[in-house]
Amino acid sequence: MRYTRLFESSSNNAFDESVEIGDLKCELSQQTLVKILAKHKGLLIRSSQCEGPLSVEDFGWYLKSLELTPYPYVGGAAPRRIIPVEAGQDLIYTANEAPPHATIPFHHELAQVKEPPMYLFFYCDLPCSSDGGETALIDSTAVYRYAQEKHPEFLSKLTLHGVRYTRVLPPEDDPDSPIGRSFYNTYHVSTVEALEDKLQAIPGLEYTWQPDGSLKVTSEPIPAIKFIHQQHDQAVYQYTFHNSVIAAFIGWEDSRNDRFKAVRFGNDEEMPIPVLEDIANFMCQHKINYSWKKGDFFALNNRLVMHSRNPFTGPRRIYAAMFGAAPPVSNVSQPLATENNYVSQSLQNDPLTFGLWKVEDAESTVYEAIRAGYRRFDSASDYGNEIGTGRGIRRAIDEGLVTRSDLFITSKLWNTYHSPEHVPLALQKTLDDLQLDYLDEYLIHFPISMEYVPFDKKYPPEWSNMEGKMVLVKQSLTATWKAMENLVLTKKVRQIGVCNFNCQMIREILSVATIAPSKLQIECHPQLSQEKLIRFAREHGIQISVFSPFGAASYLSLNMAQKSDMLFSNETLQMISIKHSKSPAQILLRWAVQRNTFPISKSSNPSRMKENRDLFNFNLYKEDMEAINALNINKRYNDPGVFAELAFGCFCPIYE
């Protein structure tokens, strides 16, 4: 068997490369498959030349082995029949049995219902013997980007109001119509009474009986734009044109239905026909056609890929299966709840963090950052601005811009407070300065233990004691970690983690931890990609946040970098920036996001703040990511092994 990852590059040919595999069930298990579909959106699986085609029974047993959530076909417009196989009687259906001459327009399967299926599979039992009948695919995030660029007002209304679909359903399946499924089969009922009970239970849905016994149904407003954040530990963070608007506008036409009346905005405003036609033309021009071979099958991420069918003549048999989500998979069993169990949906959707290092007017900067949309903030006692940061947060809350639960606030334990008795005192000082009752996350700032400096003598103490000397002390970081765990028990901290730790330091913490680190914060940018450290942390269930995503930019003023180090002027990044019509800063941040890390950036300029957040309407292709990855030279700018000796005469390496 061979599989081909789809939508991996910017090439118009999505079927360029394939990977040889042995046992299908083992090498494309549920865990492997869902991660590939999150990253690459779709797979084509085909027998090798030396093998016979996969049978429909083999296809059925493979589907069953995946143990995905069953998804009943309720609410769909297309007539379908169940294809019985030994693996299960309700596992495989016929694909849309619309007449061969009809084009089935692009759509996400069942996007006209509240909870569409997550995964789709199409299997070829009999390919078309003549031209036509191809299955066409398109990346739905590309459709979103086109609509945003060409029709921003339309997209804004679609995002705000959603869409209402109108369809007239017959009492019996109509085989001559691509949308001829009966109302009994559509809603899985056998009586009119049961049907009306089901319809009346849906808030906002309207229905009327027609004189000929058919049923006119107008759906409740259905969300038409989805933001996909993470799927099975894979970073997506893109908007998708997740609806059946174009399919309804183009294809919902038969003796009962008028396609021009099939869709309108969720506020009942009519949709502009020229805009719908233009988006439909874009889809047609950018689709990828696939001509079937017997035994082939597609696995598609229904959140990210639209599909359609071209007209054909002669016999053709394509079968389909659909499923809900796969159960989440975690590499480690953590004693505490993960972040996603308590943070708001908006925070789960947002990996971008605003950093407070070297921010002078923290009060106004934090306030403006909240206005610009930031909800994650990275603070530290060492930054010397937590009082201003707290004022900015309090101002935003008092003015009703956010609530405390909308925010995710991180701060850090400084090097002079590693002794277990000083850990809770340092936290309380931070909470008092920030005017907060709790932190969402508290991190050990450096794996460097220094001589204690009393709070009332010098705060923040920075890197030196009262005599201006940097003095290292013997302190077990595992003891410090146990004191951090106690903070969680007081409910003044929700999660704890580490910064600037290497793999062995993390192993040492894990060897004693009752509460595993939630986060590892490290310097990371294309010149210092840290692939092994990130992999190690992720395999232990630790999320990654990255500071200095722009590389040398923050270090020029400290004489810790040269102008020649600047990534913004790098030729590779400038070319990718032009390709995507984005700034180099946006390219760097998107690179970090697509590596499934939380980039920490900052700006005092409100317009730049918003620009740095405008990352979710484009995607770096495989060749872009590889070109940026190739810039790695393991160049570190924030290294105590260098600056501590230069500034304080203290040799303090931690990364070697």
Side-chain angles (χ1 to χ4, degrees), residues 5-14 34-44 105-111 116-120 136-152 154-156 158-159 162-163 222-232 234-247 275-276 278-288 298-308 348-352 576-577 579-582 586-587 589-596 613-625:
R5 294 183 292 264
L6 309 182
F7 305 105
E8 191 170 44
S9 72
S10 58
S11 168
N12 288 328
N13 185 358
V34 297
K35 287 187 175 183
I36 292 176
L37 292 182
K39 187 173 184 179
H40 300 292
K41 304 179 175 69
L43 283 181
L44 165 66
F106 276 111
H107 61 289
H108 287 279
E109 191 67 35
L110 290 171
M118 176 73 78
Y119 302 110
L120 290 182
L137 306 175
I138 193 167
D139 181 347
S140 187
T141 66
V143 181
Y144 172 88
R145 293 191 290 272
Y146 178 80
Q148 183 192 50
E149 178 184 355
K150 299 296 184 180
H151 308 289
F154 168 81
L155 191 67
S156 177
L158 198 60
T159 303
V163 58
I222 304 290
I225 303 298
K226 286 186 181 292
F227 184 77
I228 311 299
H229 49 101
Q230 286 189 336
Q231 290 183 346
H232 293 274
Q234 297 297 309
V236 180
Y237 295 109
Q238 291 186 78
Y239 287 102
T240 180
F241 196 74
H242 195 278
N243 55 68
S244 292
V245 168
I246 302 303
V275 171
L276 298 178
D278 184 58
I279 295 174
N281 288 335
F282 171 83
M283 292 178 171
C284 185
Q285 293 167 8
H286 292 82
K287 67 183 179 181
I288 301 169
F298 275 130
L300 302 178
N301 186 328
N302 192 46
R303 296 290 187 269
L304 298 170
V305 178
M306 290 184 178
H307 63 279
S308 68
Q348 292 183 40
N349 287 349
D350 190 350
L352 304 180
I576 296 173
S577 176
K579 173 181 176 180
H580 292 278
S581 299
K582 294 290 182 178
Q586 290 171 314
I587 298 299
L589 291 171
R590 183 71 209 182
W591 176 79
V593 167
Q594 287 186 214
R595 298 181 83 218
N596 207 13
R613 291 188 55 77
D614 187 22
L615 306 180
F616 306 132
N617 54 8
F618 76 106
N619 189 57
L620 296 175
Y621 293 108
K622 176 185 176 183
E623 63 265 28
D624 301 327
M625 294 294 290

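We're numbering straight along the sequence, starting at 1. Bear in mind that the values here come from a model prediction, so they are computed numbers and not experimental data.
- Nearest heavy-atom pair, Ser140 versus Thr240, reported as atom, atom and distance to 0.1 Å: OG-OG1, 2.8 Å.
- Classified by interplanar angle (parallel below 30°, tilted 30° to 60°, perpendicular above 60°), the ring pair His229/Tyr237 is tilted.
- A donor and an acceptor atom, one from each side chain of Lys39 and Asn301, are nowhere located under 3.5 Å apart.
- Phe154 approaches Leu276 most closely through the heavy-atom pair CZ-CD2, 3.9 Å.
- Smallest separation of non-hydrogen atoms from Gly42 and Leu300: CA-CD2, 4.1 Å.
- Taking CD1 of Ile225 as the reference point, atom CZ of Phe227 lies at 12.5 Å (rounded to 0.5 Å).
- The side-chain heavy atoms of Arg145 and Gln238, taken from C-beta on, include a pair separated by under 4.5 Å.
- Here the side chains of Gln148 and Tyr144 are in contact, with some heavy-atom distance below 4.5 Å.
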Worked check of salt bridge (Lys or Arg N to Asp or Glu O under 4.0 Å) between Asp624 and Arg590: CA-CA 11 Å; Asp624 301 327; Arg590 183 71 209 182; over 6 Å; no

Trace of the side chain to side chain contact (heavy atoms under 4.5 Å, CB included) decision for Ile288 with Leu6: CA-CA 10 Å; Ile288 301 169; Leu6 309 182; over 6 Å; no

CA sep, side-chain torsions, deciding dist, call: His286, Val143, side chain to side chain contact (heavy atoms under 4.5 Å, CB included): CA-CA 9 Å; His286 292 82; Val143 181; over 6 Å; no

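- With a 4.5 Å cut-off on side-chain heavy atoms, Asn302 and Tyr119 do not count as touching.
- Ring geometry for Tyr146 against Phe282 counts as parallel: the plane angle stays under 30°, on a 0 to 90° scale with 60° as the upper cut.
- Put simply, the side chain of Gln586 does not reach to within 4.5 Å of the side chain of Trp591, judged on heavy atoms.
- For the side-chain hydrogen bond (donor to acceptor under 3.5 Å, both in side chains) test with His307, the passing option among Glu109, Lys287, His108 is Glu109; the others fail.
- Residues Asn243 and Ala224 approach most closely at ND2-O, 2.9 Å, considering heavy atoms.
- Between the CG atom in Leu615 and the CG atom in Leu589 there is a gap of 5.5 Å [rounded to 0.5 Å].
- The structure places CE of Met306 at 10.0 Å from OG1 of Thr141, a figure rounded to the nearest 0.5 Å.
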Full working for side chain to side chain contact (heavy atoms under 4.5 Å, CB included) between Phe616 and Leu352: CA-CA 11 Å; Phe616 306 132; Leu352 304 180; 3.9 Å; yes

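- Here the CG atom belonging to Asn617 is positioned 11.5 Å from the NE2 atom belonging to His580, to the nearest 0.5 angstrom.
- Between atom CZ of residue Arg303 and atom NZ of residue Lys226 there is a gap of 5.5 Å, rounded to the nearest 0.5 Å.
- Contact detail for Leu304 and Ala38: the closest heavy-atom pair is CD1-O, 4.0 Å.
- For the pair Met118/Val34, no side-chain contact is recorded, criterion being any heavy-atom separation below 4.5 Å from C-beta on.
- Between Ile138 and Val305, the closest side-chain pair of non-hydrogen atoms is not below 4.5 Å.
- For the atom pair Ile576 CD1 and Met625 CE, the distance stands at 9.5 Å (nearest 0.5 Å).
- Taking both residues in full, the closest heavy atoms of Leu37 and Ala299 are given as CD2-O, 3.3 Å, listed atom of the first, atom of the second, then distance.
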Test side chain to side chain contact (heavy atoms under 4.5 Å, CB included) applied to Leu137 and Phe298, step by step: CA-CA 11 Å; Leu137 306 175; Phe298 275 130; 4.0 Å; yes

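- Asp350 is listed as a side-chain neighbour of Arg613, based on a closest heavy-atom distance under 4.5 Å.
- Between the side chain of Thr159 and the main chain of Leu155, a donor-acceptor pair closer than 3.5 Å is present.
- Counting heavy atoms from C-beta on, the side chains of Tyr239 and Ile228 never come closer than 4.5 Å.
- Salt-bridge annotation for Asp278 and Lys150: absent, with no side-chain N of the basic residue lying under 4.0 Å from a carboxylate O of the acidic one.
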